[in-house]
Novice: 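Encoded as structure tokens, here's the structure I'll be asking about.
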Amino acid sequence: MLAQWMIYYIKNAQQSVKTWESSLASAPKERKLAYIHLANEILQLSKKKSNAFEIEFKPVLQLSLKQTCDAVPECLSKIGRVLEIWSQRSVYSDEFLNVIRKDLGLQAYRSPLNSSPPAKQDHHTAHVPKYYPEVQAILTLTQKISSSVSSTQTSNSGSDRQELKSKKIAELDLRRELEQAVSNYLSSIQSGIVKCEEELQALEESSPTSNTENYTPKFVFPNSTDPLMNERRMFEYHSKFDNDKLWEGTSSFTQNGAKVKKIVPKPSWFESKKLYKLSLPKMLSESKTNPSTHVNGISPIGASPEGKYVNSHVLQLEHVNQGTAFSPQIRAKLHLRGLLPPKVEDLAHQVERAKAFMARLEKPLSKFLYLDRLKNEDSTLFYKLVMENPKELCPIIYTPLVGTVCQDFSLLYTPSFHQGLFLSLDDFDHLEECLNNWPHPHPHIAVITDGSRILGLGDLGVNGLGIPIGKLDLYIAAGGFSPLHTLPIVLDLGTNTEKYLNDPFYIGTKRPRASDEVFFKFVDAVMAAIHKKFPETVIQFEDFSTEHAFSTLERYRNKYTMFNDDIQGTGAVILSGFINAVKISGIPIKDQKIVFFGAGSAGVGVAKQIQEFFIKDGGMTEEESKDLFWLVDTKGLVTFDRGDKLPSHKVLFARSDNNGKQYGTLQEILDYVKPTALIGLSSTSGAFSPEIIRQMKGYNERPIIFPLSNPSSKAECSFDDAMTNTDKKVLFASGTAFPSYFDGEKEYIPGQGNNMYIFPGLGLGTYLSSSTTISDSMIYASAKTLAASLSPKEIAADSLYPEINRIREISAQVALGVMKTAVAEGYAKNPEVIELVKKIAATGAEGEKEGVKYVTDRMYFPKYSSDDVVVREVRNYDAL
């Protein structure tokens, strides 16, 4: 049948799919897995030959997987691991694999069994099948038959009849040869499966006989409560179709005077220990009905001999748990009766209940701790709550409160914490192992910090991990990344903060910060390890010291898909607000004068973004645009002749037209420059005093004042001060949230230059387009898209930024702007996105709507799974 299918495909691809389906349906269930091997390997080897073959054959592979899972549920874990291998090795696109996962209910499954996948390879060579020679023989014979058929059909009527007869005979011989090759291939796979099952059977415990004196079990463990015993049984159950043996063999030991054997696991076994909570329903069923699966009276997965399993483990899987939303049916199936309140609620009602409880909490830190607990117990509810209330809750889960959380991170740390990776210098030789231990093996976005400059709080060491965690919560809530595809990392390179070096509760290593040489050697190794393990991951650097922020950006931006949010993200979001402020002020670009109070990485990053705007939209040269910037640091105006050695990042905007005169105070500098805009990134609270604000109003009818330092305790001025001292004429944007201003008649809403407007969309657009880099033009496109996203109502209110409650809509627009630029510059490698952008260019506004829909459709939206999917998720979920 299979040989006929291979031949018939040459003539009719659609009919061949039906023939395959019929053959698969009639195959015994123990052979169905062989069809998956055959479908995948033929598809991989045929990719080089014909795109049409690949397109037509994908439904065949999908069909094979679906029918096999329906007929042989116990092989779901095997297939889940196969899908992960295909994903990590880029054998198929994530979109195609996600369709398969959805069909099979494997969305939450993540396999821990695969070590680092190879670096990016050609799709045709990334997958090397075990039975490659057999499949190669099948394809070769198929091609020969195809050539023979074509040759016979195109023969002239005057051809020698004997020659035609010879060709027909040769073709029949080839068909018989092909049929035998396919049969050999299936038999080879099946024999491997049978052999594996026999080996696993040999590991099973034998039931005690009535003659207990003569009975010696094949394998026992010295301690019947050893969790490895239960884990081993769990894994064996899911390994019936695996050819890889995870056991070295046996060793002997003495127990009660008898010499017995003990199984010795291979090192790779310990990678699979996370399977401990897999497949509860199926294993529970076997535990109840098959006493032979019990060892020393203890059944697998911790069930009692009667099979009564305490399924609190289900309630500990935060990506599966639904709490009171579990239906009565699923409560019965997962043995949750009595463990949950009797009331059944939907997700919307759970959200309202959570909001009601938070309204009772007075302290922001109490609200943070409640939300953090919620995230670790039911991530769907947590993200639904945040997405519906971004204005109220984003300041709790990120700035400004995250600064307080980071300062107390070591005290807030609890033993079950598993929200991020700690990579220490002591792990230099174990980076690959550390990454393998991360429970979600295919992150789409990673945020890395070394904790050396957390917000405006300084060097917090490993306490800075709160920043990547909070940042990624915003990537999920605002940008639509899945919680299962994020990776927060803190690099423990020591700390120079005496408070933490002397703190007995500090959870990092107590040593001074590493030298630059050690720093770069370690970060080089980390970046290489991440790229090797997760080659498609977009990487964001966050809160590194100023010098290291610039140097790492230049070092890695052309080698990896990465960006620095402090430099590029902050620059883009402030540029967006500045573009709208310039429009409202009515002052032409060429007449703008900007004083930056603060000349660190963020300040220079913002200046460079605004400079690009002056060049591209103002028609200025690079030198002309430079003349519109004045940087101020702790020593005053940054000039070439003030007598100190300038760091490289300050040189770009240092002044040489000061005629030898130095300006030390901000008031003196404002008198000298008479700027149209004053931007603060100094982390100096109150630096923009009422006198300074009134001074700015004296130069401009609508002064632009942006106190951008985080958290709010470090902001240069408040919105209230800015409004009061400019007769409500200020064009204001802050880096952190401030209360609105009410003058007795009208409420004024402050603009917030929150990076959340940029980085979620920037990261999402980069990932969806499979861009190989994040260029300056992509950053600029994100800023321009954000500036153009204001609604008519927001424009009428002189708003500089859109309402934060529109953040999902904004992120989709920003992502599309980034994708279009990535395609235009040739960095995008996703063929779907390339075709989409071409269509947008051809269809205009309608194409733009389709583009936004394309992005939105690929965003994560928190909702509970159906009962059937929950069962599969519990069965296959790689528990944290």
Side-chain angles (χ1 to χ4, degrees), residues 391 395 399-400 455-456 570 573-587 592-598 602-603 606-607 610 630 632 665-671 673-755 757 787 790 794-804:
K391 185 176 181 180
T399 57
L455 302 175
T570 300
V573 75
I574 301 310
L575 168 59
S576 175
F578 185 79
I579 290 172
N580 290 326
V582 168
K583 291 178 184 177
I584 297 170
S585 73
I587 299 174
Q592 293 290 330
K593 296 179 180 180
I594 311 174
V595 168
F596 277 85
F597 188 70
V606 172
I610 296 177
W630 286 260
V632 182
T665 68
L666 180 57
Q667 186 173 1
E668 291 174 345
I669 295 166
L670 296 184
D671 278 338
V673 178
K674 295 180 173 51
T676 57
L678 175 61
I679 297 177
L681 283 156
S682 65
S683 298
T684 306
S685 177
F688 298 170
S689 64
E691 293 77 20
I692 293 294
I693 296 171
R694 287 194 291 270
Q695 195 172 346
M696 285 294 297
K697 177 64 171 66
Y699 305 137
N700 311 278
E701 176 62 22
R702 301 296 304 271
I704 300 172
I705 300 177
F706 287 8
L708 301 175
S709 294
N710 276 316
S712 54
S713 61
K714 301 288 185 179
E716 287 78 9
C717 72
S718 68
F719 183 50
D720 187 275
D721 286 342
M723 291 291 286
T724 301
N725 291 285
T726 60
D727 298 326
K728 299 174 289 188
K729 297 292 186 180
V730 67
L731 296 170
F732 180 93
S734 60
T736 191
F738 277 109
S740 58
Y741 177 86
F742 186 68
D743 64 0
E745 297 180 359
K746 180 180 177 181
E747 183 181 24
Y748 297 82
I749 308 298
Q752 184 185 357
N754 192 328
N755 290 25
Y757 284 119
L790 294 177
E794 291 161 348
I795 293 173
D798 284 348
S799 298
L800 304 186
Y801 295 99
E803 293 181 10
I804 199 69

Novice: Sort and list the pairs that fulfil ring pair (Phe, Tyr, Trp, His ring centres under 6.0 Å) and have at least one residue in residues 703-728, not counting sequence neighbours.
Specialist: Phe719-Phe732

Novice: Atom CD1 in Ile679, atom CZ in Phe597: separation rounded to 0.5 Å?
Specialist: 13.5 Å

Novice: Could you tell me if the side chain of Val730 sits less than 4.5 Å from the side chain of Lys697, heavy atoms only?
Specialist: no

Novice: Listed by chain and number, what are the side chain to side chain contact (heavy atoms under 4.5 Å, CB included) partners of Asn580, not counting sequence neighbours?
Specialist: Lys583, Ala787, Leu790, Leu800

Novice: Which pair of non-hydrogen atoms, one from Ala581 and one from Ile704, has the smallest distance, and what is that distance?
Specialist: CB-CD1, 3.9 Å

Novice: Output the distance between atom CG (Asp721) and atom CD (Glu716), rounded to the nearest 0.5 Å.
Specialist: 12.5 Å

Novice: For the pair Ser709 (side chain) and Ser682 (backbone), establish whether a donor and an acceptor sit closer than 3.5 Å, ignoring hydrogens and angles.
Specialist: yes

Novice: Applying side-chain hydrogen bond (donor to acceptor under 3.5 Å, both in side chains), can you list everything that pairs with Thr726, at least two apart in sequence or on another chain?
Specialist: none

Novice: Taking only residues two or more places apart in sequence or in another chain, which ones pass side chain to side chain contact (heavy atoms under 4.5 Å, CB included) with Asn754?
Specialist: Gln752, Met756, Tyr757

Novice: Can you name the residues that form a salt bridge (Lys or Arg N to Asp or Glu O under 4.0 Å) with Asp798, not counting sequence neighbours?
Specialist: Arg702

Novice: Hey, could you give me the CZ/OG1 distance between Phe578 and Thr676, rounded to the nearest 0.5 Å?
Specialist: 5.5 Å

Novice: Who passes side chain to side chain contact (heavy atoms under 4.5 Å, CB included) against Ser713, sequence neighbours left out?
Specialist: Pro711

Novice: Quick one: list whatever passes salt bridge (Lys or Arg N to Asp or Glu O under 4.0 Å) with Asp743, sequence neighbours left out.
Specialist: Lys728

Novice: If you round to the nearest 0.5 Å, how far is NZ of Lys729 from CD1 of Ile705?
Specialist: 14.0 Å

Novice: If we ignore hydrogens and angles and just use 3.5 Å, is the side chain of Glu794 paired with the main-chain N or O of Glu803 as donor and acceptor?
Specialist: yes

Novice: Rounded to the nearest 0.5 Å, what separation is found between the CZ atom of Phe596 and the CG atom of Leu678?
Specialist: 10.0 Å

Novice: Output yes when a side-chain donor or acceptor of Tyr801 lies under 3.5 Å from a complementary backbone atom of Ala733, and no otherwise.
Specialist: no

Novice: Would you check if there is a donor-acceptor pair between the side chains of Tyr748 and Asp720 at a distance under 3.5 Å?
Specialist: no

Novice: Looking only at side chains, do Glu691 and Ser689 share a donor and an acceptor under 3.5 Å apart?
Specialist: yes

Novice: Going by side-chain hydrogen bond (donor to acceptor under 3.5 Å, both in side chains), name the residues that satisfy it together with Ser712, two or more places apart in sequence or in a different chain.
Specialist: none

Novice: Could you check if a side-chain atom of Met696 sits within less than 4.5 angstrom of a side-chain atom of Phe688, using non-hydrogen atoms only?
Specialist: no

Novice: Identify, with sequence neighbours excluded, every residue that meets side chain to side chain contact (heavy atoms under 4.5 Å, CB included) alongside Asn710.
Specialist: Thr399, Leu455, Thr736

Novice: Rounded at 0.5 Å granularity, tell me how far CG in Leu670 sits from CD1 in Ile692.
Specialist: 5.0 Å

Novice: Of all heavy-atom pairs between Ile584 and Ser799, which one has the smallest distance, and what is that distance?
Specialist: CD1-O, 4.5 Å

Novice: Taking side-chain hydrogen bond (donor to acceptor under 3.5 Å, both in side chains) as the definition, give me every residue that meets it alongside Ser585, ordered by chain and number, with sequence neighbours left out.
Specialist: none

Novice: Just so I know, are the side chains of Gln592 and Ile610 near enough to count as touching, which here means a heavy-atom distance under 4.5 Å?
Specialist: no

Novice: Is the number of heavy atoms from other residues, nucleotides or ligands within 6.0 Å of NZ (Lys391) greater than 12?
Specialist: no

Novice: Heavy atoms, side chains only, cut-off 4.5 Å: are Pro750 and Tyr741 in contact?
Specialist: no

Novice: For Glu668, enumerate each residue passing the salt bridge (Lys or Arg N to Asp or Glu O under 4.0 Å) test, keeping only those at least two apart in sequence or located in another chain.
Specialist: none

Novice: Can you name the residues that form a salt bridge (Lys or Arg N to Asp or Glu O under 4.0 Å) with Lys593, not counting sequence neighbours?
Specialist: none

